[in-house]
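First comes the structure, then the notes that go with it.
Computed from a predicted structure; not experimentally measured. Because only heavy atoms are used, hydrogens play no part in the values below, and waters and symmetry mates are left out as well, while side chains stay in.
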Amino acid sequence: MDKRLERILPRVQKPARYTGGEFNQIIKDKTKVDIRLAFCFPDTYEIGMSNLGMSILYHTMNSLDFVWCERAFAPWGDMYEEMKKAGIPLYALESGDSLKDFDILAFSIGYEMAYTTVLDMLDMAGVPLRREDRKELLPLVFAGGSAAVNAEPIADFMDLFVIGEGEEMNNELLTLFRQAKLEGWSKEDFLLKAAGIQGVYVPSLYDITYKPDGTVESIRPKAGAPEKVTKRIVIDLDSSPFPTNPIVPSTEVVHDRVNLELFRGCVRGCRFCQAGHIYRPIRAKKPETLIKQGIETLKNTGHQDVTLLSLSTSDYRPLEQLCDGLLEYCESRSIGLSLPSLRADNFSMELMEKLQKVRKSGLTFAVEGGSQRLRDAINKNVTEEDLLNTCAIAFAGGWNSVKLYYMLGLPTETDEDIVGISEMANQVLHCWRENAKNKNRGVKITISTSCFIPKPHSPFQWEEQISKEEYLRRVNLLRSSITARNVTYNWHDAETSVIEAALSRGDRRMSSVIEEVWRKGGRLEAWSDYFSYERWEEAFNKCGLDMSFYASRERSVDELLPWDMIDVGVRKAHLVHEREQCYASKLSPDCRKQCSACGAARLMKGGKCDG
């Protein structure tokens, strides 16, 4: 360890974030690999080490004998200041080597508010921020993750983006990069060849022009670049790599447990949900695969909890079979089993009894809208009866804590819908009084609201976002309508949501704003400790851009959108149809009842998904 690190680590919070040396980390001889890759997560250690995608890709890239993939995370403020004072550059945890010594810096970006931290990590590594200032092949800087489905706001900083799932795509890219490095290709030659790999988007190969009103006029690919970059998917999840020997963090992290991914995609089609559309088509793992992977991972890590992950866990068809298989191993060892992303319309007593065999956790349901009309408009196929029936089962089974999540500002929302949230909470309270197993313990009902954010590649990508002032008005309306003492109301701040909306639908001109925010001290903006709305306002003004143009403006369905060169599989005509269904307050059937012909199945070899 660097002697300077030894001196400063006693002065910072959670020093184990910065030391490496964890159980199951991968160490290679750097003199025997052709490529050294720093896998960078633009947030703190405990967030990045909870990310299942990062764990999977860390192992798939290290499966190549010519690659050593190491990890780097953003330091918290105290460590950041100490590193600056001591002149310590950002380094990789496995080797302790500075990131400037690496061939590739690869960023995993799942949240737009991480953009300034990406720039901060590049700066701490001593790497030029803008791709135009990195003329040589080395270092290559690229990014992936769900935020990459609109890569434009940070396109000026990245050499390329990987769109979709990286288990196979990343290794194809690294194989090509190895050839380029060994044969002495120029960066331009490599990028042109890389653009031929499905899922690779090279922003320098596209010319963007704008109309006088600020909207996009044209997106023109240069010779050799595809007109549309189609995302990559893993077709067979059962045979795809899954690390059953993941790194065991050396300090507490957010999700300190075994994470098992049941399936990708979602059968529901909620119209506000970007993830439910960009992760299509639906592909599920077999329960036998999951049971085997879960038990192996528990044995290899010593974790005492297992979480079953997906966008809608209770929609996994063989869920009870899976729970039975895992509990056979877990119950006698006091290992907990938890199922987030449950739905109020398919929660059963049998499932609940399985969940409480080891330990009981609170129940959380995303209801989203305060009236049936609004839930139909957003295609959230959950009724008040569904929710109350589920709560009755839970309360009768001994549960006494329920969390209900909603959005404010959804298209077509009215004040009546907002008041309906408090009325539903009162109904849940009444349900507890009628069904509770033990009324002496009391009940805790928590309502949480966030501000609706229109996201690319969703049916609501054209919608306006309400202003922060209007969001706060709706928050206060809901607050004043909640009278029961057993009901707690929490709400997310509006200012972060406005910035996120602007970044989500931004174009390449946004890069100047992001850089200006970073130069004024912006980093770790996903954390309220560091976020400054005023800093973003000042940056937009200085760069001559209008925040409301990106966040609050309703788009025409005929407008060329900044991300229209990216094809996530779902047809734009399908998104338009779903938007029209919203304004008619009409439900669309879920994928298992009737195929919506969204287009994503064409990414499968057989042209059919698991929906």
Side-chain angles (χ1 to χ4, degrees), residues 40-44 47-48 72-81 83-84 90 105 107-134 141 143 145-148 150-158 161 203 208 214 451 453-456 465 467-468 492-553 562-563:
C40 304
F41 194 89
D43 210 318
T44 59
I47 302 296
F73 302 95
W76 192 247
D78 54 356
M79 184 64 172
Y80 174 81
E81 295 298 335
M83 290 174 69
K84 288 287 189 181
L90 191 62
L105 276 65
F107 287 87
S108 176
I109 311 176
Y111 184 35
E112 293 84 356
M113 298 306 296
Y115 289 158
T116 55
T117 309
V118 171
L119 301 194
D120 200 57
M121 293 178 76
L122 288 173
D123 179 68
M124 291 187 74
V127 173
L129 302 185
R130 292 186 173 262
R131 55 180 162 82
E132 63 187 22
D133 297 322
R134 302 189 301 265
V141 180
S146 57
N150 177 20
E152 295 309 282
I154 55 167
D156 287 346
F157 307 116
M158 295 291 149
F161 293 85
I208 315 293
C451 184
I453 300 170
K455 290 282 189 173
Q465 182 188 53
S467 68
K468 60 187 180 73
H492 296 280
D493 76 282
E495 293 181 338
T496 304
S497 298
V498 171
I499 302 303
E500 185 182 344
L503 292 173
S504 295
R505 297 195 291 182
D507 51 45
R508 289 193 187 183
R509 296 169 295 187
M510 192 70 76
S511 62
S512 60
V513 176
I514 295 168
E515 185 172 350
E516 178 63 20
V517 170
W518 169 75
R519 293 196 182 279
K520 294 298 183 182
R523 62 183 304 273
L524 293 177
E525 294 273 327
W527 295 80
S528 59
D529 310 56
Y530 294 96
F531 175 75
S532 167
Y533 183 79
E534 291 72 23
R535 188 161 50 210
W536 283 97
E537 272 191 317
E538 291 169 5
F540 271 98
N541 291 334
K542 183 173 181 179
C543 297
L545 293 177
D546 180 2
M547 189 189 302
S548 63
F549 175 82
Y550 295 100
S552 307
R553 180 175 61 87
W563 53 89

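Among R509, K542, R535, the single residue meeting the salt bridge (charged side-chain N to carboxylate O under 4.0 Å, His left out) criterion with E516 is K542.
Of the possible donor and acceptor atoms, one in the side chain of R134 sits under 3.5 Å from a partner among the backbone N and O of P128. Judged purely by atom type and a 3.5 angstrom limit, D120 has no side-chain atom pairing as donor or acceptor with the backbone of W518. Between the side chain of R523 and the backbone N or O of Y80, no donor-acceptor pair lies under 3.5 Å. Between the side chain of D156 and the backbone N or O of R130 there is no donor-acceptor pair closer than 3.5 Å. Put simply, the side chain of R131 gets close to the backbone of A155: a donor and an acceptor are under 3.5 Å apart. A donor-acceptor contact shorter than 3.5 Å links the side chain of Y530 to the backbone of G77.
With sequence neighbours excluded, the residues that form a side-chain contact (heavy atoms from CB on, under 4.5 Å) with A551 are Q465, V498, A501, A502. Judged as a side chain to side chain donor-acceptor pair (under 3.5 Å), and not counting sequence neighbours, S146 has no contacts. Every residue meeting the side chain to side chain donor-acceptor pair (under 3.5 Å) condition with D123, not counting sequence neighbours, appears here in chain and number order: K84.
A distance of 9.0 Å separates CG of L105 from CE of M158, quoted to the nearest 0.5 Å. Note that the CD atom of E525 and the CE atom of M113 stand 5.0 Å from one another [nearest 0.5 Å]. Put simply, CD1 on I514 and OG1 on T117 are 11.0 Å apart, with the number rounded to the nearest 0.5 Å.
Under the 30°/60° scheme for interplanar angles, the aromatic rings of W76 and W527 are found to stand perpendicular.
Considering all non-hydrogen atoms of both residues, E112 and L503 come closest at O-CD1, 3.6 Å. Annotation for L119 and E515: closest pair CD1-CA, 3.7 Å, computed over non-hydrogen atoms. Listed here is the closest heavy atom pair of Y115 and P153: CE1-CB, 4.0 Å.
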Can M547 and E537 be said to form a side chain to side chain contact (heavy atoms under 4.5 Å, CB included), step by step?
CA-CA 8 Å; M547 189 189 302; E537 272 191 317; 3.9 Å; yes
Side chain to side chain contact (heavy atoms under 4.5 Å, CB included) for F157 and V141? Distances and angles first, verdict last.
CA-CA 8 Å; F157 307 116; V141 180; over 6 Å; no
Test E534 against K520 for salt bridge (Lys or Arg N to Asp or Glu O under 4.0 Å), laying out the working first.
CA-CA 11 Å; E534 291 72 23; K520 294 298 183 182; over 6 Å; no
Full working for salt bridge (Lys or Arg N to Asp or Glu O under 4.0 Å) between K455 and E500
CA-CA 9 Å; K455 290 282 189 173; E500 185 182 344; 2.8 Å; yes
Take I109 and V118, measure what side chain to side chain contact (heavy atoms under 4.5 Å, CB included) needs, and give me the verdict at the end.
CA-CA 9 Å; I109 311 176; V118 171; 3.8 Å; yes
